[in-house]
Amino acid sequence: MANRPVQKETSRRPHFLQFNNLACETAGGKVIFATDEWFAPARNLLKRDPPEFIATAFTEYGKWMDGWETRRKRIPGHDWCIIQLGVPGIIHGFDVDTSFFTGNYAPYTSIQAACLDQMPSFTLEGDRTGMAASPSQFKAVEQLNSDSWEELVPITKLKPGYSESCHNYLNVTYPHRVTHIRINIYPDGGIARLKVYGIGKKDWSTVSSQDLVDLVALVNGGVCVGYSDAHFGHPCNMIGIGRADNMGDGWESARRLDRPKVLKVDEKGILQVPGFEWAILRLGHPGIISKIEVDTNHFKGNFPDSCQIEACCLTPDEENNLIRNQWCSDKTPKWRILLPPHKLKAHHRHMFSGESVVQCGPVTHVRLVIAPDGGVSRLRLWGRPVNFT
């Protein structure tokens, strides 16, 4: 297997990368149509894990590739596929990843989108390697009129899948809810992964103000808007669907270098350390939080010693200003304690309610603080959605 160095964080990486991947297979994303899947099936585009390359791996159709790769086209037209987002929402950008596709990557792409009231009933089942869309599948997909969908990304030249050029970041400014996208490649070739970064958009008119809802969940529009460290895993993982599959499916920071050489605890057994890590999340809807879950599932030798949660109300302009200043501003949020410091356990689902949760009133943002460092797999914040100005 070929190994490539992990791409380092740089200031050139677009801001939208901190949002959620709305098309990931773990979020329910799926390919519902592809013109051709000869060398590698389109469903690989939506894998959560990074692409890999195995030099000796071949199938009866040719070289095995961890992505979507069509045959060399010998008929009129170009290849394309349709993806149903796992979480419908507002798209802010794409990563068209051509990793390991070097002499066989798709030279150009464009991306279209639609919000469909009625979801198509057809799906692609099983291993599609060596297959192409049948006449009946082409006829069925015609009802979607996908060739006339809104164009989010015009025809754009792609770069080959070497480590320094494989990530093709494409910014999007489109303020409408999207349920499906169509990615076109011109005329043929391969793409390893397609990540659709955005924010889930829920129809809150269907939710009663008395319903208890996970206000920070990915599917309900929650999003990470800032963090101190994400060395091993991004904080956006904490609001994912279901429980984490492994440590990689959570937020994990590096070990802090300011830890005391000899550790001590207070009367509550909480480590006394000078530093901490934090992640700030915007709720999908303002609300009053009354129940909290902090899950350290899979984090056994690297869970945080303790955590606390703070909350505040911010306007969009205030949030944008703080993001621009990386949350280091003279006008810092007026954080209120939502969950006082609590000792955490390894590989454990911590539930807090009743008197453990401080009544803060309506809030829009929360900050999870962990000390001194470590990993949290999931954060759930149940509460009642409220409307206020």
Answer yes if [X] and [Y] sit in the same cluster of Ile, Leu, Val, Met, Phe, Trp and Tyr residues linked by side chain heavy atoms under 4.5 Å apart, and no otherwise.
| X | Y | answer |
| --- | --- | --- |
| W382 | V358 | no |
| L45 | L152 | yes |
| L17 | I199 | yes |
| V153 | Y108 | no |
| L170 | L85 | yes |

Work out which heavy atom in [X] is nearest to a heavy atom in [Y]; give both atom names and the distance.
| X | Y | answer |
| --- | --- | --- |
| I270 | S306 | CG2-OG, 3.7 Å |
| G275 | A371 | O-CB, 4.2 Å |
| P160 | S165 | O-OG, 2.6 Å |
| A311 | V363 | CB-CG1, 3.7 Å |
| E52 | D66 | N-OD2, 3.0 Å |
| L158 | A106 | CD1-O, 3.3 Å |

Show your working on side-chain contact (heavy atoms from CB on, under 4.5 Å) between I288 and Q359 and close with a plain yes or no. CA-CA 8 Å; I288 299 174; Q359 295 304 305; 4.2 Å; yes
What is the ring orientation for Y169 with H167, classed by angle as parallel under 30°, tilted 30 to 60°, or perpendicular over 60°?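 Rings of Y169 and H167: parallel, under 30°.
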Pair [X] + [Y]: basic N to acidic O under 4.0 Å:
| X | Y | result |
| --- | --- | --- |
| D97 | K195 | no |
| D258 | R256 | yes |
| R182 | D147 | no |
| R48 | D249 | yes |
| R384 | D211 | no |

Side chains of [X] and [Y] in contact at under 4.5 Å (non-hydrogen atoms):
| X | Y | result |
| --- | --- | --- |
| N220 | W204 | yes |
| E25 | K47 | yes |
| P235 | L281 | no |
| Y197 | D95 | yes |
| I289 | C360 | no |
| M65 | F53 | yes |
| E37 | W68 | yes |
| E319 | T364 | no |

Just distance, no hydrogens or angles: give the donor-acceptor pairs under 3.5 Å from side chains in residues 347-354, sequence neighbours left out.
from : atom 1 : to   : atom 2 : distance (Å)
H347 : ND1    : N297 : OD1    : 3.3
H347 : ND1    : H298 : N      : 2.8
R349 : NE     : E293 : OE2    : 2.8
H350 : ND1    : V294 : O      : 2.9
H350 : ND1    : H348 : O      : 3.2
H350 : NE2    : K345 : N      : 2.8

Residue that, paired with T70, satisfies side chain to side chain donor-acceptor pair (under 3.5 Å) out of D188, N104, D36, D79: D79
Could you tell me the separation between the [atom1] atom of [X] and the [atom2] atom of [Y], rounded to the nearest 0.5 Å?
| X | Y | atom1 | atom2 | answer |
| --- | --- | --- | --- | --- |
| L22 | T179 | CG | OG1 | 11.5 Å |
| C312 | I280 | SG | CD1 | 7.5 Å |
| F276 | D373 | CZ | CG | 12.5 Å |
| K264 | L271 | NZ | CG | 12.5 Å |
| N20 | I239 | CG | CD1 | 4.5 Å |
| N21 | L46 | CG | CG | 8.0 Å |

Backbone N/O of [Y] and side chain of [X]: donor-acceptor pair under 3.5 Å:
| X | Y | result |
| --- | --- | --- |
| W327 | V225 | yes |
| N246 | A244 | no |
| D214 | R380 | no |
| T98 | K159 | yes |
| R378 | N237 | yes |
| T296 | V376 | no |
| S377 | D295 | yes |
| T59 | W64 | no |
| R193 | N44 | yes |
| Q112 | S146 | yes |

Could you walk me through whether T129 and D127 pass side chain to side chain donor-acceptor pair (under 3.5 Å), step by step? CA-CA 6 Å; T129 306; D127 183 5; 2.7 Å; yes
I191 and I183: CA distance, side-chain angles, deciding distance, side-chain contact (heavy atoms from CB on, under 4.5 Å) verdict: CA-CA 11 Å; I191 295 172; I183 179 167; 4.0 Å; yes
If you look only at pairs with a residue in residues 128-150, which of them pass as a ring-ring contact (aromatic ring centres under 6.0 Å, His included), with sequence neighbours excluded?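 Sorted pair list: F33-F138.
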Under 4.5 Å side-chain linkage, directly or through intermediates, the cluster mates of M131: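 Reading the cluster by chain and number, M131 sits alone, since nothing else belongs.
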Run the side-chain contact (heavy atoms from CB on, under 4.5 Å) test on H285 and N387 for me, step by step, so that the C-alpha distance in whole Å, both residues' side-chain angles and the decisive distance to 0.1 Å come before the verdict. CA-CA 8 Å; H285 194 287; N387 293 310; 3.3 Å; yes
How far apart are the C-alpha atoms of R336 and C313, what are their side-chain angles, what is the distance that settles it, and do they pass the side-chain contact (heavy atoms from CB on, under 4.5 Å) test? CA-CA 10 Å; R336 292 168 279 168; C313 288; 3.8 Å; yes
Residue from V223, L381, I292, L368 passing side-chain contact (heavy atoms from CB on, under 4.5 Å) with V216: L381
Which of V207, V87, V219 passes side-chain contact (heavy atoms from CB on, under 4.5 Å) with K202? It is V207
Qualifying residue, where the test is salt bridge (Lys or Arg N to Asp or Glu O under 4.0 Å) with D305 and the options are R259, K343, K268: K343
Residue of the set F19, Y227, W251 for which ring pair (Phe, Tyr, Trp, His ring centres under 6.0 Å) holds with H234: Y227
